[in-house]
Amino acid sequence: MTPNRNAGPAPQRRAPAVVLLLPALAAALALGGCTLSAPDPATPSSATSPTAGSTVKTSEFSTLDAAGVETIRSTGTARLDMSSGTLDKESVRVTPDSYGPEINTRGSGKINLTIVAPNGEITGETDRIRFNTTDKRADFSEVTYFLTAASAEEFFALIRDGVERYGIDADSAERWISSTESDPEGKSDFSITSGTATGLDVNYDLRYDGGKDTQVIIVHVRPAA
C-alpha cells in the first residue's frame with residue numbers, strides 16, 4: 001500500500017503574469033497614441049501666464065510721475081485725459097499734495113500735446129507744459145502750454161484756428177487781429193474771451209511783440225465753470 005503524501009496546496013506562481021502584463025500595457029499605450037509625461041515647468045500655465053490675471057495697468061494716456069515725464073520728453077508726445085472735465089492727480093500718478101511738474105523741452109524739440117476733452121480734443125505743438133493746482137486739490141485747476149509763431153501771419157492763423165476749433169470768441173479775436181495789422185511793429189498783451197466748445201474752458205492769452213522774431217500764445221485749459 002502506497003503511503004498518501006499530503007504536501008499541502010501547490011505554490012502559486014504569479015510573478016511571470018505580472019511581468020507579462022507590463023509589456024502588454026506599454027504596447028497598448030503605444031498603439032493607442034497615448035504617452036505619459038510630466039508637465040513642462042518652463043511652459044507657463046494659464047494661471048501663471050503674464051497675461052492671465054495681470055495687475056499691470058496699461059493706458060494710452062501719459063502720467064506725470066518721474067517715469068511719465070521722462071517718457072514725454074523722450075517720445076515728444078503727451079496725451080492727457082480730461083474727458084471727465086478734470087485732470088485728477090491720482091489718474092496721472094502724482095501724490096495728492098503735488099503741484100505737478102513743469103515740462104520744458106526748449107532747445108531739444110517740441111512736444112505733440114493732446115488733451116482729450118469731453119467733446120473732442122485740444123492739440124498743439126509746444127515746448128513748455130505747466131500744471132497749476134494747490135496741495136489741497138485732488139485735481140489740477142489748469143493745464144498751461146505755449147504756442148509759438150515765427151511771423152504775424154502764422155500768429156493770426158493760430159488764433160483763428162483756436163476760434164474755429166475751441167469756440168474762442170471770434171469778434172474779440174478779429175478786433176485784436178485788425179488792430180495789430182494796423183501797427184505790426186507794436187506790442188500787445190491780450191486775453192481773448194475763452195471758448196467752451198470742447199467742454200473745457202480754453203483761453204488764448206496773446207503775447208505779441210512786433211520787434212521780436214517769435215510771437216507767443218499762452219493757452220490755458222481749465223475745467224468748464
Side-chain angles (χ1 to χ4, degrees), residues 62 64 69 72-73 75-82 85-87 99-134 137 139-225:
S62 303
L64 299 177
V69 170
I72 290 171
R73 291 181 181 278
T75 62
T77 302
R79 187 173 176 84
L80 304 174
D81 184 11
M82 293 186 70
T86 62
L87 182 64
Y99 285 88
E102 176 169 335
I103 306 173
N104 190 325
T105 59
R106 295 175 70 179
S108 61
K110 291 188 176 183
I111 298 167
N112 289 313
L113 172 64
T114 300
I115 300 174
V116 178
N119 302 310
E121 296 180 346
I122 300 163
T123 60
E125 290 187 353
T126 183
D127 56 13
R128 288 181 68 189
I129 309 173
R130 298 189 306 203
F131 301 87
N132 298 335
T133 188
T134 70
R137 288 186 66 122
D139 65 336
F140 294 97
S141 58
E142 183 177 296
V143 178
T144 301
Y145 64 95
F146 293 71
L147 298 176
T148 56
S151 67
E153 291 72 21
E154 183 182 351
F155 195 63
F156 301 156
L158 285 173
I159 295 169
R160 287 171 171 142
D161 180 66
V163 169
E164 181 179 350
R165 297 178 62 197
Y166 311 134
I168 292 170
D169 187 76
D171 292 339
S172 179
E174 290 302 329
R175 282 194 301 269
W176 184 88
I177 290 172
S178 178
S179 174
T180 304
E181 285 177 327
S182 66
D183 183 19
E185 299 303 318
K187 295 181 181 180
S188 176
D189 294 346
F190 184 73
S191 179
I192 308 176
T193 303
S194 299
T196 57
T198 63
L200 299 173
D201 184 284
V202 182
N203 173 255
Y204 273 23
D205 193 1
L206 311 181
R207 296 290 186 268
Y208 180 85
D209 185 343
K212 293 185 177 180
D213 294 332
T214 301
Q215 312 305 328
V216 178
I217 301 174
I218 307 173
V219 183
H220 304 278
V221 180
R222 312 179 183 101

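As the structure is a prediction and not an experimental result, all values here were calculated from the model.
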Self-check item: Counterpart residues, ring-ring contact (aromatic ring centres under 6.0 Å, His included), relative to Y204 (two or more places apart)
Solution: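 Partners of Y204 under the ring-ring contact (aromatic ring centres under 6.0 Å, His included) test: none.
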
Rounded distance (nearest 0.5 Å) linking atom [atom1] of [X] with atom [atom2] of [Y]:
X    : Y    : atom1 : atom2 : answer
M82  : F140 : CE    : CZ    : 10.0 Å
T126 : N112 : OG1   : CG    : 10.0 Å
N132 : Y99  : CG    : OH    : 11.5 Å
D205 : T144 : CG    : OG1   : 9.5 Å
I72  : L113 : CD1   : CG    : 8.5 Å
L87  : D81  : CG    : CG    : 8.0 Å

Looking only at heavy atoms, the pair that brings A197 and G167 closest together is CB-N, 3.9 Å

Just so I know, are the side chains of [X] and [Y] near enough to count as touching, which here means a heavy-atom distance under 4.5 Å?
X    : Y    : answer
Y166 : S194 : no
R130 : F146 : yes
I192 : L206 : yes
I129 : I111 : yes
S191 : N203 : yes
L200 : I115 : yes

Show the atom names and distances, to 0.1 Å, of all donor-acceptor pairs under 3.5 Å that link a side chain in residues 208-225 to residues at least two apart or in another chain.
unit_1, atom_1, unit_2, atom_2, d
Y208, OH, P184, O, 2.7
D209, OD1, G211, N, 2.9
Q215, OE1, D209, N, 2.7
Q215, NE2, D209, O, 2.8
Q215, NE2, K212, O, 3.0
H220, ND1, E142, OE2, 2.8
R222, NE, E142, OE1, 2.8
R222, NH1, D201, OD1, 3.2

Please say whether more than 12 non-hydrogen atoms of neighbouring residues, nucleotides or ligands are located less than 6.0 Å from CD in E102.
-> yes

With a 3.5 Å cut-off and no angle check, do the side chains of D139 and T133 form a donor-acceptor pair?
->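 No, T133 and D139 have no side-chain donor paired with an acceptor closer than 3.5 Å.
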
Applying salt bridge (charged side-chain N to carboxylate O under 4.0 Å, His left out) to R160 and not counting sequence neighbours gives E174

* **Partner residues of R79 under the salt bridge (charged side-chain N to carboxylate O under 4.0 Å, His left out) criterion, sequence neighbours left out** =>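 R79: salt bridge (charged side-chain N to carboxylate O under 4.0 Å, His left out) contacts with E60, E121.
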
The single option from T193, I159, V163 that satisfies side-chain contact (heavy atoms from CB on, under 4.5 Å) with I168 is V163

In chain order, what residues pass the side chain to side chain contact (heavy atoms under 4.5 Å, CB included) check against [X], with sequence neighbours excluded?
X    : value
R106 : N104, D127, R128
R165 : T123, D161
S178 : none

Apply side chain to side chain donor-acceptor pair (under 3.5 Å) to [X] and list each qualifying residue two or more places apart in sequence or on a separate chain.
X    : result
E181 : none
N119 : none
T77  : none
D169 : none

Name the atoms and distances for all side-chain donor-acceptor pairs under 3.5 Å in residues 147-158, with sequence neighbours left out.
unit_1, atom_1, unit_2, atom_2, d
T148, OG1, K110, NZ, 2.8
S151, OG, E154, N, 3.1
E154, OE1, A150, N, 3.0

Check: With no hydrogens and no angle check, is any side-chain donor or acceptor of T180 less than 3.5 Å from a backbone partner on W176?
Finding: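 Pair found, side chain donor or acceptor close to backbone of W176.
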
Could you tell me whether the side chain of T105 and the main chain of G109 form a donor-acceptor pair under 3.5 Å?
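Yes; at least one donor-acceptor contact below 3.5 Å.
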
